[in-house]
Amino acid sequence: MKLLLVGPVGSGKGTQAAIISKKYGIPHISTGEIFRQHMQNKTELGLKAQEYINAGYLVPEEITFGIVKDRLSQPDCKNGFILDGYPRTMEQAHNLEKITDLDKVILIHLSEEEIIHRLSSRRMCSVCNQPSSLEWLKDGKCEKCGGEVYVRNDDKPEVIKTRLETNRVSEELINFYKNKGIFYKINATNEVEKTFALLESLLNE
Ligand code: AMP
């Protein structure tokens with residue numbers, strides 16, 4: 001099962017990808033998460049990517065394609081994977097085609113108003129990296145492991161606007177996958193389980 005989840009920032013695609021990954025035993029590959037790990041570890045790549053990420057811009061493709069190519073060549077990807085956050089542009093879609101095909105591309109749709117609300121209330125766990133929402137925290141801590149939470153630099157209000165503009169899911173990208181007959185769309189709901197049920201019915205089609 002080679003999947004690509006697309007959706008605006010804040011659509012919950014990261015959360016959904018993590019659930020699919022666990023249930024189907026295929027890796028969740030999030031380029032944003034790989035970059036964040038590099039930034040945390042202060043690697044050379046992380047320091048380079050950080051300038052773009054903290055400003056809400058896309059990281060240059062020569063860096064991004066390098067990490068995707070490397071990740072997809074790992075043995076745990078041989079039975080499939082869930083790509084999250086790549087490709088975001090046509091250049092990236094064409095690059096991806098050079099190294100793999102995809103079975104399904106699923107868009108998780110969310111209105112712009114709802115995106116802003118979700119991003120400004122998102123919190124990340126500093127221990128287990130689980131994204132959460134202000135409303136879900138338990139005593140201000142991660143509802144999953146009790147770890148301290150923080151606001152991602154790029155979830156700060158001044159950066160959200162730029163991210164929205166830069167990261168809008170491109171019509172061209174959607175049409176590219178529609179033309180291949182592998183494009184599907186669901187509406188994000190307010191409940192993780194409900195959204196997953198919608199997704200799963202597509203996966204089983
Ligand atoms: P995300 O967690 O997917 O929202 O990604 C966080 C940030 O990482 C994005 O705002 C970009 O700066 C960078 N990033 C993630 N994926 C890509 C990509 N496919 N191309 C370029 N930059 C990316």
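For ligands, and for the atoms within them, numbers begin at 1 and follow the listed sequence. In this chain, residues are counted from 1 in sequence order.
In the hydrophobic clustering, where aliphatic and aromatic side chains (Ile, Leu, Val, Met, Phe, Trp, Tyr) are joined below 4.5 Å either directly or transitively, Tyr150 groups with Met124.
When each atom of ligand 1 is checked for a heavy atom of Asp154 under 4.0 Å away, the hits are 6 (C). Close approach of ligand 1 to Thr64 (heavy-atom distance below 4.0 Å) involves ligand atoms 18 (C), 19 (N), 20 (N), 21 (C). Which parts of ligand 1 touch Gly85 is read off a 4.0 Å heavy-atom cut-off, strictly below it: atoms 16 (N), 17 (C), 18 (C), 19 (N). Proximity to Thr31 (heavy-atom distance under 4.0 Å) selects the following atoms of ligand 1: 15 (C), 16 (N), 17 (C), 19 (N).
When non-hydrogen atoms are compared, ligand 1 lies under 4.0 Å from the backbone of Ile53 as well as from its side chain. Heavy atoms of Glu51 found under 4.0 angstrom from ligand 1: none, in either backbone or side chain.
Distances from ligand 1 to the non-hydrogen atoms of Arg152 include at least one value under 4.0 Å.
Between Arg152 and Pro131 there is no side-chain heavy-atom pair separated by less than 4.5 Å.
Considering backbone and side-chain N/O of Arg88, one or more are found under 3.5 Å from N/O of ligand 1. Annotation: Arg36 places an N or O atom under 3.5 Å from an N or O atom of ligand 1; distance criterion only. Looking at ligand 1, you'll find an N or O of Gln92 within less than 3.5 Å of one of its N or O atoms. Considering backbone and side-chain atoms alike, Val59 places an N or O below 3.5 Å from some N or O of ligand 1. Some N or O of Tyr57 is nearer than 3.5 Å to an N or O of ligand 1, by distance alone.
Seen from the ring of Tyr184, Lys104 counts as a face-on cation partner, given the 6.0 Å and 45° thresholds.
Considering only residues two or more places apart in sequence or on other chains, Phe196 meets the ring pair (Phe, Tyr, Trp, His ring centres under 6.0 Å) condition with none of them.
Tested against Tyr86 for a side chain to side chain contact (heavy atoms under 4.5 Å, CB included), the candidates Asn95, Ile29, Ile67, Leu4 yield a single pass: Asn95.
Under 4.0 Å is where a charged nitrogen must lie from a carboxylate oxygen, and between Lys2 and Asp103 no such pair does.
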### Task
Quick one: do Glu62 and Lys48 satisfy salt bridge (Lys or Arg N to Asp or Glu O under 4.0 Å)? Show the steps, please.
CA-CA 12 Å; Glu62 66 268 23; Lys48 258 192 228 158; over 6 Å; no
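Ring to ring, Phe176 and His94 are close: their centroids are under 6.0 angstrom apart.
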